[in-house]
There are 2 protein chains.
Amino acid sequence: MDVRTICLGILSRGDATGYEIKKLFGDDGYQHFVEASFGSIYPALSRLTQEGLVSVRSEIQEKRPDRKVYSITEDGRKAFLGSLMKPLPEDRHRSPFVFAMLFSHLIPHPRVVEMLDTYIEQSETKLAQLMEPRPQPLPEGERFVTGFGRAVYIAMVNYLHQYRAELKGDAAEAAE
Amino acid sequence: MDVRTICLGILSRGDATGYEIKKLFGDDGYQHFVEASFGSIYPALSRLTQEGLVSVRSEIQEKRPDRKVYSITEDGRKAFLGSLMKPLPEDRHRSPFVFAMLFSHLIPHPRVVEMLDTYIEQSETKLAQLMEPRPQPLPEGERFVTGFGRAVYIAMVNYLHQYRAELKGDAAEAAE
DNA sequence: ACCTATCTATATTGGTCCGATATAGATCGG
DNA sequence: CCGATCTATATCGGACCAATATAGATAGGT
């Protein structure tokens, strides 16, 4: 899903600046399933403005740089809805960690354990974010996304701990 | 993880052509956690050859176009191992489907069900690929990767079915 | 015999994306 | 006063990819 469509989706839920959109990809936002950088957000907003799918107004701020607030237009809502009605692009998963584990036989054992421990910590952090209580009732879409994310990360973390325990056993055996 | 490092990893397991490397990202290869296109594989192989990290030989084929077979060099092995010893880039997950579900309240119910059914089918296909029996014993790295992938996809598919059943209940209620 | 689909094989292109960088406005703790 | 961090907009060079190009096949249907 391209960055312009993602921006339209976000703006359909409320006005925002480029900086605010980027922050939504942070710790308690959409980071588990979409992301974009400043390098693509600002050009996307410019293009959407040119296409008439969003409008923009400047706000002067005291003590802070001025900000540009973007709003979705009626054409923008239609375009976004249209993109949801078309076949969706496939998911993409990239995991340097999982790829690296394929070569664990080439890596000194302590480094393998370190990689695994780092990945476990990162995964537990993300799961903790997903498990934080949210005001109820959740909108239906968010109920799905939260439940889905929790289910996947719980399975990940469980498997990682189980595998880690097996490594510990191996290390103990190796130490004998 | 950049495409050159991925290519080095793949070539550390055996010689291959650019076309063969691309095929490894297909159905029963690495697709669940890394991928690359021809648009990046061929330039990466060229660059690695220039850097002396791989070598290349041409093979004439009857009835088929000639092929270029790449082999990793000793420098290439060291470079690859070096990249595994450094902190790994973070995972990236992009799910247009999950993002779209956030807006399910804007989408006609039949389309939501269709999206969900399509995603369930795709996920079940990938799980079936992961569940196919493999010659035992698996190398340690592959044992982790296969187990991890299975754990994650089983959780996904279970949650998707459970959520789908809830939708069915909603639809039945709506039909009354 | 021809056409379409699919495979084998290498390679490039234009557009998208991103990490880094640039510029400019702050607060806060040491 | 300095470094870390936040707020805020924006661009750039390099990496990546879907599509395309070119060229070699097989196989099934009409």
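All values below were derived from every heavy atom in this structure, side-chain atoms included, with hydrogens, water molecules and symmetry-related copies excluded. Lettering of chains follows the sequences in order, A, B, ..., and the numbering in each one begins at 1.
- Phosphate contact (OP1/OP2 of C:dA11, side-chain N/O of B:Lys68, threshold under 4.0 Å): present.
- With hydrogens and angles left out, the side-chain atoms of B:Thr146 and B:Arg134 include a donor and acceptor closer than 3.5 Å.
- C:dG14 atom C1' lies 16 Å from atom CG of A:Asp2, rounded to whole Å.
- In the hydrophobic clustering of this structure, B:Leu127 groups with B:Phe97; members are Ile, Leu, Val, Met, Phe, Trp, Tyr whose side-chain heavy atoms approach within less than 4.5 Å, directly or through other members.
- Atoms CG (A:Leu24) and P (D:dA8) sit 13 Å apart, rounded to a whole Å.
- Side-chain contact annotation: A:His161 with A:Glu124, donor-acceptor N/O pair under 3.5 Å present.
- Although no hydrogens or angles enter the test, the distance criterion places a donor-acceptor pair under 3.5 Å between the side chain of B:Arg150 and the main chain of B:Leu130.
- Considering every non-hydrogen atom in both B:His32 and A:His93, the closest pair reads O-CB, 3.5 Å.
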Pair up each side-chain donor or acceptor in residues 10-17 of chain A with any protein partner under 3.5 Å, not counting sequence neighbours, and list the distances.
residue : atom : partner  : partner atom : Å
A:Ser12 : OG   : A:Gly9   : O            : 2.6
A:Arg13 : NH1  : A:Tyr30  : OH           : 3.0
A:Arg13 : NH2  : A:Glu142 : OE2          : 2.6
A:Asp15 : OD1  : A:Ser71  : OG           : 3.3
A:Asp15 : OD2  : A:Ser71  : OG           : 3.0
A:Thr17 : OG1  : A:Tyr19  : N            : 3.4
A:Thr17 : OG1  : A:Glu20  : N            : 3.0

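- One can place NZ of B:Lys22 at 16 Å from P of C:dA11, the figure rounded to the nearest angstrom.
- Candidate nucleotides C:dT10, D:dC17, C:dG19 were compared by shortest atom distance to the side chain of B:Tyr42, and C:dT10 ranks first.
- Checked against D:dA10, D:dC17, C:dT16, the side chain of A:Arg47 finds its nearest nucleotide in C:dT16.
- Contact check, B:Lys23 against C:dT8: a side-chain N or O comes under 4.0 Å of OP1 or OP2.
- Using a 4.0 Å cut-off between a side-chain N of Lys or Arg and a carboxylate O of Asp or Glu, A:Arg57 and A:Glu59 qualify as a salt bridge.
- Between the CD atom of A:Glu20 and the P atom of D:dT7 there is a distance of 10 Å, given to the nearest Å.
- A residue-by-residue look at B:Arg67 and A:Ala36 shows that B:Arg67 has its nearest nucleotide of DNA chain C further toward the 5' end.
- Minimum interatomic distance between A:Leu84 and B:Phe103 (heavy atoms only, all atoms of both residues): CD1-CB, 3.9 Å.
- Between A:Arg4 and C:dC17, a side-chain N or O to OP1/OP2 separation shorter than 4.0 Å is absent.
- Atoms CZ (A:Arg94) and C1' (D:dC17) sit 10 Å apart, rounded to a whole Å.
- With rounding to whole Å, B:Glu90 atom CD is found 11 Å from C:dG19 atom P.
- Near DNA chain C, meaning a heavy atom under 4.0 Å away, the residues from residues 55-66 of chain B are B:Gln61, B:Arg64, B:Pro65, B:Asp66.
- In this structure, A:Phe148 and B:Tyr159 have perpendicular ring planes: the angle between them is above 60°, well past the 30° mark.
- An OP1 or OP2 oxygen of D:dA18 is reached within less than 4.0 angstrom by a side-chain nitrogen or oxygen of A:Arg92.
- Note: CD1 (A:Ile41) to P (D:dT11) measures 14 Å, nearest angstrom.
- Considering only side-chain N and O atoms, A:Ser40 lies nowhere under 4.0 angstrom from the phosphate OP1 or OP2 of C:dT16.
- Rounded to whole Å, atom P of D:dA8 lies 15 Å from atom CG of A:Leu45.
- In this structure a side-chain-to-backbone donor-acceptor pair under 3.5 Å is missing from B:Ser95 to A:Phe33.
- Near DNA chain C, meaning a heavy atom under 4.0 Å away, the residues from residues 11-19 of chain B are B:Thr17, B:Gly18, B:Tyr19.
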